[in-house]
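Index from 1, following the sequence. Just so it is clear, the values below take in all heavy atoms, side chains as well, and ignore hydrogens, waters and symmetry mates.
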Amino acid sequence: MDTSCLRTNTRDVTIRITPYGIELKGRRGETLLDVLRRSGITIDASCGGRGLCGRCRVRILSGIATDPTASEERLLGDSIRVGWRLACQVKLEGDLCIAVPSFKGRILDWALQMRYPIDTAITTIPLGMLKRGLPSDLELLKEALRKAGIECKGFTLRALGRASKLLHEGKAIVVVYDRESGVVIDVREDDECYGIAIDLGTTTLVASLINLRNGEVLDRALEYNGQVTYGRDIISRISYVMSTANGTKELRKALLQTLNNMIMRLIERNHIQEDMVYEIAAAGNTVMSASFLGIPPHNLGTYPFEPPFIGGLSVSNAQIGLNVNQEARVHLLPILGGYVGGDVAGDILSSGMLNDHIAMLIDLGTNGEIVLKNGDKLYVASCAAGPAFEGVGITAGMMATEGAIERIKLNADLEPEYEVIGKLRPRGICGSGLIDLLAELLRHGILDSRGRLKDLGSPRIRANAMGIFEFVVEWGRNTATDEDIVLTQQDVRQLQLAKAAVKAAYEVLLRKTGIKPEELQAVYVAGGFGNFLDPQNALRIGLIPPVNLDKVKFIGNGSLAGAQMYIISIEARRRLHKILKAIEHIELNQEPDFKDAFMRSLSF
């Protein structure tokens, strides 16, 4: 066996990750996933490390590990022979040299439906060179600000300290002023001033760097959420926190580590310094919002599923720990109720639905969120759609990353024609591809209205080793994994459940308000599918209400767009806080017709 990339240590186990040259220390008997988690190496573990999802694949190049488990043999098959293993199943017995699959995703474009004036809360005010004098540096600064038309309510200690230093050195002074609080948060020699908007996605995190002097979005960064090593969906993460003594701290550490990595990339790429970032706005679902603040999400995991708080929150970065100015203001977009969090608040702010009289917004994700606007009233609800449309629990499902089939059509001979992200050999199918495939199977009669696959005599429709019908999208000889990419009858059932949850939710809201689908002026679709979802196919499977296609508007990452607006415009944030009073959170499990609507919605 090749041991050239290993260095033996009799006391510890060494794990070397190629080609990056990273070396980690582990203990004999612990799982490889535990070591990767502890070291901040992001790896997908949708099931929370229970050997059920098969996502935490690594390739052992050399070294000593336990024999493959029954779970690995079932999920990996012949891939084990070329070194592929599940990190959660591999127990360390000696040094290892491994390869971890990299993550390359896309940042969704966002369609700016709403426009607000550029009017940032954090601004710079040049005071020039001030002549020292009695009674104090503080009074000197206050007087200079009064002459500039600013009645300052206070100074941070950092601002006062830097002001005294610059006065002593006889240098020009520029104050960084928070117009909302009336406090001077810093003093500089220049007017460099930036903000960062963050989408706290369950699976991926996206951040935008914004120039606060003119509102320009300079750059964006995307990274796999480090928390995926504890479970792809929020329910898995809540379970981990509730069963692990330091679970809340571990998840928060993983999240902040990922965010700080992204922030450092943005800062380095744009040649600025950490202390030039003075404002952060973050938007995420209720569980991600709680995790960002380090608040245990236990109550969201048990009835009546109440959030830790309702509304938004603003604190100094000193309480959060991001790699930006410690006096930076960190804003969390408001939680609206239950599982409906700041990500939906961002959707509402950015979508344009506030300009409509009657409109609906659907945020497609693990927890589908529905917003129905009727006049001045907003009704919000969330449903446990599950992560099927994000690829979790689907035989060939995967995220919308390189190698994922994102669009599919079937020709008259039932031969698939598809597009792959990155134009590579396919590895699996992402959410938009799964929706396309369901619609195409329905259109060609391969799938009936109850969701049953039918044998039409095509070689692409077969029974697998367990006797379960499946449709072969691509043969193994043409894939990156050398395995057939298939959609099984079990996969269809999982997708039906996800679709039914969303459909039942919007039907209950429509019935509750007495609104008919044709009365909707617009249906806004947000979330991970973004602009890549085919509206006709989404309509065909019932994922969106039956409306004219010209009413369907994809807003992409509305959560990030809303966070950007929150930073760029005081008017936008004031409008958001104003509409909080007009929002009514609907608990679907308390609605008597929800179960019946769900059962009806299982059909296509």
Side-chain angles (χ1 to χ4, degrees), residues 106-123 178-180 193-201 204-223 259 262-263 265-267 269-270 272 276-285 288-289 292 312-314 317 320 322 324-325 328-336 341-355 361 363 524-528 530-531 553-579:
R106 291 189 300 191
I107 300 174
L108 290 179
D109 292 330
W110 48 275
L112 189 58
Q113 304 291 329
M114 290 290 284
R115 296 191 179 276
Y116 295 96
I118 295 172
D119 185 25
T120 61
I122 305 295
T123 188
D178 181 358
R179 295 167 56 204
E180 280 197 314
C193 190
Y194 301 90
I196 294 178
I198 299 171
D199 170 30
L200 296 171
T204 53
L205 305 172
V206 190
S208 296
L209 178 66
I210 300 167
N211 187 337
L212 294 182
R213 291 169 293 178
N214 56 19
E216 180 185 1
V217 177
L218 301 173
D219 198 359
R220 294 193 186 102
L222 167 103
E223 194 162 321
L259 289 173
M262 296 166 66
I263 289 169
R265 288 209 311 275
L266 289 171
I267 285 172
R269 284 204 303 248
N270 293 275
I272 65 174
M276 295 177 179
V277 179
Y278 289 101
E279 193 163 37
I280 302 285
N285 64 48
M288 286 303 305
S289 297
F292 180 67
L313 202 64
S314 295
N317 183 47
I320 300 297
L322 296 173
V324 299
N325 195 298
R329 299 303 296 165
V330 180
H331 309 283
L332 193 66
L333 267 65
I335 292 171
L336 307 182
D343 51 349
V344 178
D347 292 339
I348 294 171
L349 188 62
S350 62
S351 64
M353 74 180 306
L354 293 177
N355 291 336
L361 184 146
D363 192 320
Y524 300 94
V525 182
N531 301 324
K553 304 179 187 298
F554 294 102
I555 66 171
N557 195 333
S559 173
L560 180 67
Q564 291 174 171
M565 291 178 178
Y566 199 92
I567 284 181
I568 290 171
S569 175
I570 287 180
E571 181 183 325
R573 68 177 68 176
R574 287 175 180 167
R575 189 171 189 187
L576 179 59
H577 288 293
K578 182 179 179 180
I579 65 170

For the side chain of [X] and the backbone of [Y], is there at least one donor-acceptor N/O pair under 3.5 Å apart?
X: Ser559; Y: Gly346; answer: no
X: Arg179; Y: Thr120; answer: yes
X: Asn211; Y: Arg213; answer: yes
X: Ser569; Y: Met565; answer: no

Does the pair Ile567 and Leu212 meet the rule for a side-chain contact (heavy atoms from CB on, under 4.5 Å), with working shown?
CA-CA 8 Å; Ile567 284 181; Leu212 294 182; 3.4 Å; yes

May I ask you to decide if the ring planes of Tyr566 and His331 are parallel, tilted or perpendicular, using 30° and 60° as cut-offs?
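Correct class here is tilted.
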
Hey, does [Y] have a side-chain heavy atom less than 4.5 Å from the side chain of [X]?
X: Asn270; Y: Tyr194; answer: no
X: Asn317; Y: Val277; answer: no
X: Gln564; Y: Ile210; answer: yes

Interatomic distance, [X] atom [atom1] to [Y] atom [atom2] [nearest 0.5 angstrom]:
X: Asp219; Y: Ile267; atom1: CG; atom2: CD1; result: 11.5 Å
X: Ile280; Y: Leu322; atom1: CD1; atom2: CG; result: 5.5 Å
X: Leu218; Y: Ile272; atom1: CG; atom2: CD1; result: 7.5 Å
X: Lys578; Y: Arg574; atom1: NZ; atom2: CZ; result: 12.0 Å
X: Leu361; Y: Ser351; atom1: CG; atom2: OG; result: 5.0 Å
X: Ile348; Y: Asp363; atom1: CD1; atom2: CG; result: 10.0 Å

Distance-minimising heavy-atom pair for [X] and [Y]:
X: Ala345; Y: Leu576; answer: O-CD1, 3.8 Å
X: Ala561; Y: Ser350; answer: CB-CB, 3.6 Å
X: Glu279; Y: Ala328; answer: N-CB, 4.1 Å
X: Arg220; Y: Leu266; answer: C-CD2, 3.7 Å
X: Leu560; Y: Ala197; answer: CD1-O, 3.7 Å
X: Leu336; Y: Gly341; answer: CG-O, 4.2 Å

By the definition side-chain contact (heavy atoms from CB on, under 4.5 Å), identify the one residue from Asn285, Asp343, Leu332 that meets it with Leu200.
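That would be Leu332; it is the only one of Asn285, Asp343, Leu332 passing the side-chain contact (heavy atoms from CB on, under 4.5 Å) with Leu200.
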
How far apart are the C-alpha atoms of Arg329 and Glu180, what are their side-chain angles, what is the distance that settles it, and do they pass the salt bridge (Lys or Arg N to Asp or Glu O under 4.0 Å) test?
CA-CA 11 Å; Arg329 299 303 296 165; Glu180 280 197 314; over 6 Å; no

